[in-house]
Amino acid sequence: MNLEQIRARSRVVQLVRRYFDEQGFLELQTPRLVGLPGQEPYLEPMWSKVEEADGTPHRGALITSPEYAMKRMLAAGFEKIYDLGPCFRNDEPWDGTHDPEFLMVEWYEKGIGLSELMERTEAMVKWVAGQYGKPFSETAFRRLSVRDAMKQYANVELDSLIGDREAVAEACREHHQTVNEADTWDDLFFKIFLSEVEPKLGEVPTFLHTYPVSMAALAKKDPSDPRYALRTELYIGSLELANGFVELTDATEQRKRFEEEQELRRSLGKETWPIDERFLEALPKMGEASGIAFGVDRLAMLLTGAKSLSELMPIPVRERF
Amino acid sequence: MASPNDIKKGVVIKDSAGLWLVVEFQHINPGKGAAFVRTRIRNLESGKTLEATYKTSETIELVEVEHRRMQYLFHDASGYTFMDQESFDQVSMADDAVGEQGKYLRDGMEINMTTHEGRPLSIELPRKMTFKVIESMDATGGNTVSGGNMTKEVTVEGGIKVKAPLFIKQGENIIVNTETGEYVERA
């Protein structure tokens, strides 16, 4: 056990909190245990059973992110909020960059768009890194759209592939990727993206942004091109640190996307559960806002130079189970 | 048929374009997508290297490979020559096929070789090897900071350059990780 590394992680957590507190964000402690967790097709919540004193049972799950609760808080009237706490994801590789229980800071700000969201994220990372004593250079982080990244690194014209499974399958064959009947458009996109693009993104700190709409279930469509959605991810080195959206506020569209996600889960042989109606009801009252989920443990890895999360966790995952 | 979860360094994948040796692999879970295994593979005919990513739920074909104990004999224009420790047959491998690992080979050392139908595919070195430092400047010029520790570049037998801590002196033995090329500790 390396006390220095554990202390360093605590310091990073403390600095992240200080940044948001000083910038006028309110820290909320939203629930970790809920009845209806997120239903993203590739995130698996951990289920439990909650019983009342008289024995009335309820199904409960640990959140994969505080997103639904945070958006309901925006709808209730808060303007700038953050939540820093553990999130839980099942069925992920215990490979040094994942832990089934990890610290995430998720924040929301009303009235801002994608470029302001990236600016805020960059400012936070640079401030925390500077205070920690490992400052970044003053050069701005790179902004790169998924379309430009695919062109630059894989020589693929994404525009002509969007929504066309046969076209993306053909591109996969040309790039020596396997194509199977069960592969969705997203799967085929990922085969090229993960092989040729993603490994190079973090060479300089990069915000990848504006994703094909099928890959951004909770994001608003790009008004200038509805085939894309306003989503961003931050890559630094070999780590993906954050994933954020200009939030979708149209409840009808959101319901449609949730139903599509449920459909995909069923086709993958995965369990589904009811859509969170309280969340959908709150959505139209939320107003225009952007938010991002940011991996605090991964930022700590970056600043401490730790090669694995296990070096930073008070009790690493392999010692807990 | 096999699962991409069976992919390891040194296995051979067969597809319509031929046989491919897995040089590197990594499990990836993009969160907003299915689980994948990203590989770097080398075609056994053409030597061409590329990246291929497989969904963990698909099926792939892996071919049988044999593992043989070999002794390294010498290097010449045709590449590296080894001798099978059971049959005493000699086998040569081209420089490209041995790649970076070639610099760690020393006359007479034993290694594991993977072959397919008698053809050499890859060699596996001991993960940690001891080398004598043949050149080391005294600390000052060329020092760099890596992970908070000051290091300098030293040269070990075979002309290999390794980043080592400042206290390492010429004539000392050090242990090097042959997978990463990094200094491990003083021998």
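Here is how names work: the chains are called A, B, and so on, in the same order as the sequence lines, proteins then strands, and each is numbered from 1. Quick note: numbers below take in every heavy atom, side chains included, and nothing from hydrogens, waters or symmetry partners.
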| For chain B, which of A:A182, A:P199, A:G305, A:A217 has the most heavy-atom pairs under 4.5 Å? |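 Top option by heavy-atom pairs under 4.5 Å: A:P199.
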Can you measure from [atom1] ([X]) to [atom2] ([Y]) and round to the nearest 0.5 angstrom?
| X | Y | atom1 | atom2 | answer |
| --- | --- | --- | --- | --- |
| B:S57 | A:L268 | OG | CG | 8.0 Å |
| A:I192 | B:E51 | CD1 | CD | 13.0 Å |
| B:Y54 | A:N180 | OH | CG | 10.5 Å |

If you draw a 6.0 Å radius around [atom1] in [X], do more than 12 non-hydrogen atoms from other residues or ligands fall strictly inside?
| X | atom1 | value |
| --- | --- | --- |
| A:K307 | NZ | no |
| B:K48 | NZ | no |
| B:E86 | CD | no |
| B:K103 | NZ | yes |
| B:Q90 | CD | yes |

After noting the C-alpha distance and the side-chain angles of B:T53 and A:Q177, does the key distance pass the side-chain hydrogen bond (donor to acceptor under 3.5 Å, both in side chains) rule?
CA-CA 7 Å; B:T53 300; A:Q177 303 297 335; 4.5 Å; no
Determine, stepwise, if the pair B:Q26 / A:D95 fulfils side chain to side chain contact (heavy atoms under 4.5 Å, CB included). CA-CA 10 Å; B:Q26 188 189 5; A:D95 60 0; 5.9 Å; no
Please report the closest heavy-atom contact between [X] and [Y], naming both atoms and the distance.
| X | Y | result |
| --- | --- | --- |
| B:F36 | A:L194 | CD1-CD1, 3.4 Å |
| A:H98 | B:N29 | NE2-O, 4.0 Å |
| A:E198 | B:R38 | OE1-NH1, 2.8 Å |
| A:S195 | B:A52 | OG-C, 3.6 Å |

Select one option (side chain, backbone, both, neither) describing which atoms of [X] are under 4.5 Å from chain B's heavy atoms.
| X | answer |
| --- | --- |
| A:N243 | side chain |
| A:R173 | neither |
| A:D186 | neither |

Centroid-to-centroid, B:H27 to A:W94, below 6.0 Å?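 Not close enough - the centres of the two rings lie 6.0 Å or further apart.
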